[in-house]
Each structure stands twice: as structure tokens, then as C-alpha cells.
Number of protein chains: 2
Amino acid sequence: MASGDVASTAKAKYLQIADDLAAQIHSGALPAGAPVPSESELMQRYGVASGTVRKAVAELRTTQLIETHHGRGSFVRSRPPVQRKSSDRFRRSHRKAGKAAYLAEAEQSGGKPSVKVLFIGPAEAPEDIAERLGVPAGAQVLARKRRYFRDGVPTEEATSYLPWDVVRDIPETFAENPGGGGIYARLEEHGHTLAEFTETVRARLATKAEAAALALSPGSPVIHLVRNAMTESGQVVEVCDTVMAADQFVLDYRFAAKD
Amino acid sequence: MASGDVASTAKAKYLQIADDLAAQIHSGALPAGAPVPSESELMQRYGVASGTVRKAVAELRTTQLIETHHGRGSFVRSRPPVQRKSSDRFRRSHRKAGKAAYLAEAEQSGGKPSVKVLFIGPAEAPEDIAERLGVPAGAQVLARKRRYFRDGVPTEEATSYLPWDVVRDIPETFAENPGGGGIYARLEEHGHTLAEFTETVRARLATKAEAAALALSPGSPVIHLVRNAMTESGQVVEVCDTVMAADQFVLDYRFAAKD
DNA sequence: CAGTGGTCTAGACCACTGT
DNA sequence: CAGTGGTCTAGACCACTGG
């Protein structure tokens, strides 16, 4: 039998199936965490080919209603509470109390934070990073790439870049755990007194790689934040490039109505 | 011939094709506005079936590199320069120079800004807004809803809420154009000296309504920003709720490494 | 191992666009 | 009209997960 004979109906079959499943989710027939029927099950139930079912499921994924795990199945998403990132998180008093910025933050949002170090070592500075650091493009810098989790779920991935001249004499910056107060505390101990941070915030859709790293469904939005840490002498001693799952974070900023 | 024999390669074919086309776009071989080769052309060129080419093209679409028009083809998107929103945009000196925040900002980003007033008048404060303003939920406030354009393209939609007690004696706040320096200048002229702004930033996918208002394709990300304007006396005299097309804006913040 | 989703083929027909 | 993308089929093999 031919196939395109369905495209003439008002709505595409795969959208009808997606709508049907979405309705079941919203009605509670498919509660949060419940498995979505398997593809073969759906093929039978709706009498369509595999490709059609897959498009329907893909639709639900991009609308964030379900998440899919290869080999296990698709499951109705539950929306966890978001984390807040306030510009207060870099308060010097937090550093002195021995807390790194991430922990100082995660502490307030209920949930067990954890960090996985992906890479620490010398690297060539990407062009935009080099420009921010005030070093030649391709110059050697220290890169520190980490992935952060809350309750075991990946939420953000951050790469810090520090000029080689700055870190050369600070062995802790090469350690997985730089000690109480984090990298910023070590920098200040070595005379790099921090004066100002600047953050650049963008939002966009996750790339394939980011979606994989953060366990996001394709089409999920991410927040892309790049922060410069500048010392009193005006040198940028760190640039931190962070990609966050957008549904996990709220950013808070406070600033004066200055002249 | 079988087919799955390709899935065993490191990368999926459709992603390789997408990457290849993306490289051509970034290199300029496929400049902005240029048509992407048709699907049948790509099938021949890469020696794959239609479905594979379609998945590659879909990939480029979700990464915003191209846009597709049924019956005409796919075309390389031109990325208009993004607008920057820095926390400097509320500098009092800008207000005194007679510039509203939006124009002070848009001025630097090349492109003709315009504003359309959607609504100005009394309204019941939504719960979250009322809480920020420190008024009872449902209390009457002044709402000012505007849509902003650049070069005729809608980029953001903002609704300001001001307590009735504050605006009652400031007739300009009811005008479509509140005069040089905008609402904030009028507030300060009437004794509400602004001391501090706080902004809350979220990113998420556009709702259907937002996609329509901002002429976005479904699944596009937006930045949702809510700002409190607080006076020296500690009163929140305005809450501004803004939804921006994420690909049109970069947010800049600067803050001290305070104690 | 069986069951799941992921990729791919080689076609088909339909709907939209422009000449 | 020819050419474009959009939907769909009925299979195939691969990769991942869990018992």
C-alpha cells in the first residue's frame, strides 16, 4: 500500500501521535518518571512504521516532555527545582570561610553537589579567550575543565583558562582540588588580589556535544556564561567559560544605579 | 545492500554531512543567504538516501545555521549582530543626557530601534510581581507593555509594573512616551531616587505566544529577565518583566570582588 | 540473552513554490 | 510544469541496557 496517502489529512500522523501522548502525560495517565511505551509497542498501537513513531517521540523530546535513554527507553520528565547563581557567590568572605563558589551556591539549593575534573593541564588559548586574557592567540595557558553534578545529574560544564605566567608559581592550580576557597583564594594568596568580575551571558540551543555532556535532549536551551576575573592591577587572571543546562539555573545580578 | 553497516563508524553519517555543510558555511563557501544544495543534490554528492540527508539538514536547522522554506529550499541564515545589554545601561548619566535605556543601548549596535506600545493602564498585579513590589496580590498597579524592534524585526517584549501610589502623581508615566530619560528619569524627578537594580535571568524555550510575538520559530530559546528597581528608601518602585529573543542579545554584567 | 533506541536504505506520494 | 521539501513505509543492521 502506498504511504503518502496520509499526508493529505489535516495533520501529520507523527504529530497526532505526539499530541496523543502529550495529552496522556498532561492528564496524568503517564505520570512523571513513567516509561513511555516502546517504539515497537507504539508502532502496533497506532499501526504505523517505525520512522513515524520515532518522529513523534522526537517531537516530545524537543518539547521537553520526555527524555530518552539509549537502550532503556523514554521516560516522562519531572522538572527538578532550579539552582540560583547570584553575583554574591564570589564574595571574598565565602572564600575565607573555605568555600569554593560552586559549593557556596549549591549549598542553598538542596541537592548533593559533586564535581568531576575532565582535564587540567596546559593548552593553547582559543582566540576569544586569548583576547580576554590579553595573551597572544594560541599562547600556552592552564586549562581546567570540570563537569558539575547535582544529585548525580550533570548540570554544567566549565573551563577555566589562566595565563601561564600567573599559575607557574602556584602549584595548587594544577591540582584537582585547589584547596579551600578554590582557585580564587590561591590567586589572592599569591598577590593577585581580585578586584572585579565581568560576566557575559548568552542563551542558545545546546550543541550535540553539549547535549551529550549535560544529558540534555537535543533542542534544549543552555546558558553560556563567560566570566573575566580581573585584579586590582587590571590584569585578567582567569577566564571561565561555562555552559549550563538552562532549566537548572537562575542567574541573579545586583547593581547600583550609579552615575 | 545493507545499511546499518555505516552506523558502526565513529560518527553518524548525517552528522558528518551536517558538519561538512556547517564548515562550508563558516568558511564562507556558503555565504549568508545562499541556498543550501537541494536534498537530491546532497543525496548524489554524499551517496546516501534521502532520510539521511534530511536528518543532516534538520541538524543544521536546529543549530540555527540555516532556515528552510517548503518548496523553495534551505538557505544560510544571516546572523544579525547581537545587541548587548550591559548593566551600564541604567547609568544616571545616560538618563540625564535624555536617553532611555533601550535607545542608549540600541545606539551602539547599529540598526534602527523602534518601540510599539501594546498597553498602558491599570492592571491587577500578578502574584510574583506583587511580591516583588511589596503590594498585596491582585492590587492595582500601572502596567506598561511594549514591544521593541530593531530594523523592524521584533526582538523583545517588556512589561513594567509600577505601584499605583508611586505613579498616581506622575502623569508622564501614563504617556506612551514618558519623555527624555524614560520612566526612571521621571521617577527620580519625583523624589524616587533609584539606588539599586536586581535582575533575575532565566533561559528557556519560547512559548507559543512568545514565538508569535517575537516572530520566532517554535523551539527557539528566549531570555527571560525580571528586574527590580529599588530606591534609596528601599522601596521597589518598578518591576520590569522582559522576554528577549535569545539570538538577539548578549547580557553583560560587571561586579566587584567585594567582601 | 532479549528488548530497547539509533541509524540507514530505497523507494513512494503529497504539498508548496516559481516559471 | 518541474523542482523543492515534507511525510511515510517496511524493512535492515548497529549500539546500548539490563537481567
Side-chain angles (χ1 to χ4, degrees), chain A residues 1-21 33-62 65-77 208-209 211-212 215-219, chain B residues 1-21 33-62 65-77 217-219:
Chain A
M1 178 198 322
S3 43
D5 52 357
V6 187
S8 45
T9 29
K11 217 170 184 179
K13 247 187 213 173
Y14 78 95
L15 286 178
Q16 292 179 35
I17 297 173
D19 284 349
D20 191 13
L21 291 171
V36 175
S38 76
E39 295 185 355
S40 39
E41 161 82 26
L42 292 174
M43 286 168 65
Q44 281 202 345
R45 182 181 304 182
Y46 293 99
V48 296
S50 67
T52 306
V53 157
R54 287 189 58 71
K55 283 193 80 171
V57 171
E59 193 66 20
L60 294 176
R61 209 165 26 231
T62 64
L65 273 176
I66 66 170
E67 55 190 355
T68 298
H69 301 280
H70 193 165
R72 282 202 294 141
S74 292
F75 302 86
V76 179
R77 283 187 70 150
K208 207 89 185 172
L216 298 173
S217 27
Chain B
M1 175 197 327
S3 43
D5 52 357
V6 187
S8 45
T9 29
K11 218 169 181 179
K13 248 188 212 172
Y14 79 94
L15 286 178
Q16 291 180 36
I17 297 174
D19 284 349
D20 190 15
L21 291 172
V36 175
S38 77
E39 295 185 356
S40 38
E41 161 84 25
L42 292 174
M43 287 168 64
Q44 282 203 344
R45 183 181 303 183
Y46 293 100
V48 296
S50 66
T52 305
V53 157
R54 286 188 59 71
K55 283 194 80 172
V57 171
E59 190 65 24
L60 294 176
R61 206 163 31 231
T62 65
L65 272 176
I66 65 171
E67 55 190 352
T68 298
H69 300 280
H70 193 165
R72 282 204 292 142
S74 292
F75 302 87
V76 178
R77 285 186 64 152
S217 32

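First the proteins, then the strands, lettered A, B, ... as listed; each starts at 1.
The side chain of T52(B) places an N or O atom within less than 4.0 Å of a non-bridging phosphate oxygen (OP1 or OP2) of dT9(C). Contact annotation: Y14(B) reaches the phosphate of dT7(C) (side-chain N/O to OP1 or OP2, under 4.0 Å). The shortest distance between the side-chain N/O atoms of R72(B) and the OP1/OP2 oxygens of dG18(C) is below 4.0 Å.
Listed nucleotides: dT9(C), dG5(D), dT7(D). Nearest to the side chain of K13(B): dT9(C). Side chain of V48(B), nearest nucleotide from dG11(C), dG5(D), dT9(C): dT9(C). With dC8(C), dG6(D), dT7(D) as the choices, the nucleotide that has an atom nearest any side-chain atom of A12(A) turns out to be dT7(D).
If you find the closest nucleotide of DNA chain C to S50(B) and to K55(B), the one lying nearer the 5' end belongs to K55(B). Comparing H69(B) and R61(A) along DNA chain C, the residue whose closest nucleotide (by nearest heavy atom) sits nearer the 5' end is R61(A).
Between V48(B) and K13(B), the shortest heavy-atom contact is CG1-CD, 3.5 Å. Taking every heavy atom of both residues into account, T68(A) and S74(A) meet most closely at OG1-OG, 2.8 Å. Nearest approach of Y14(A) to A56(A), heavy atoms of both residues: O-CB, 3.3 Å.
When rounded to the nearest whole Å, the span between CG of L15(B) and P of dT7(C) equals 7 Å. Distance, Y46(A) OH to dT7(D) P: 18 Å, rounded to whole Å. To the nearest angstrom, C1' of dC14(C) lies 12 Å from CZ of R54(B). Taking atom CD of E67(A) as the reference point, atom C1' of dG5(C) lies 14 Å away to the nearest angstrom.
The 12-atom threshold is exceeded at CD of E41(A), counting heavy atoms of other residues, nucleotides or ligands nearer than 6.0 Å.
Within a heavy-atom distance below 4.0 Å of DNA chain D, the residues of residues 34-45 of chain B found are S38(B), E39(B), S40(B).
Residue contacts shown for V57(B) are absent, as no nucleic acid heavy atom lies under 4.0 Å away.
Y46(B) has its side chain out of reach of T52(B): every pair of non-hydrogen atoms, C-beta onward, lies at least 4.5 Å apart.
Note: I66(B) CD1 to E59(B) CD = 10.5 Å, rounded to the nearest 0.5 Å. I17(A) CD1 to M43(A) CE: the interatomic distance, rounded to the nearest 0.5 Å, is 10.5 Å. In this structure, CZ on R61(B) lies 6.5 Å from CZ on R54(B), to the nearest 0.5 angstrom.
Counting only Watson-Crick or G-U wobble pairs whose defining distances are both under 3.5 Å, the stems of 3 or more consecutive pairs in DNA chain C are C:1-18 with D:1-18.
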Could you walk me through whether L42(A) and L21(A) pass the side chain to side chain contact (heavy atoms under 4.5 Å, CB included) test, one step at a time?
CA-CA 10 Å; L42(A) 292 174; L21(A) 291 171; 4.2 Å; yes
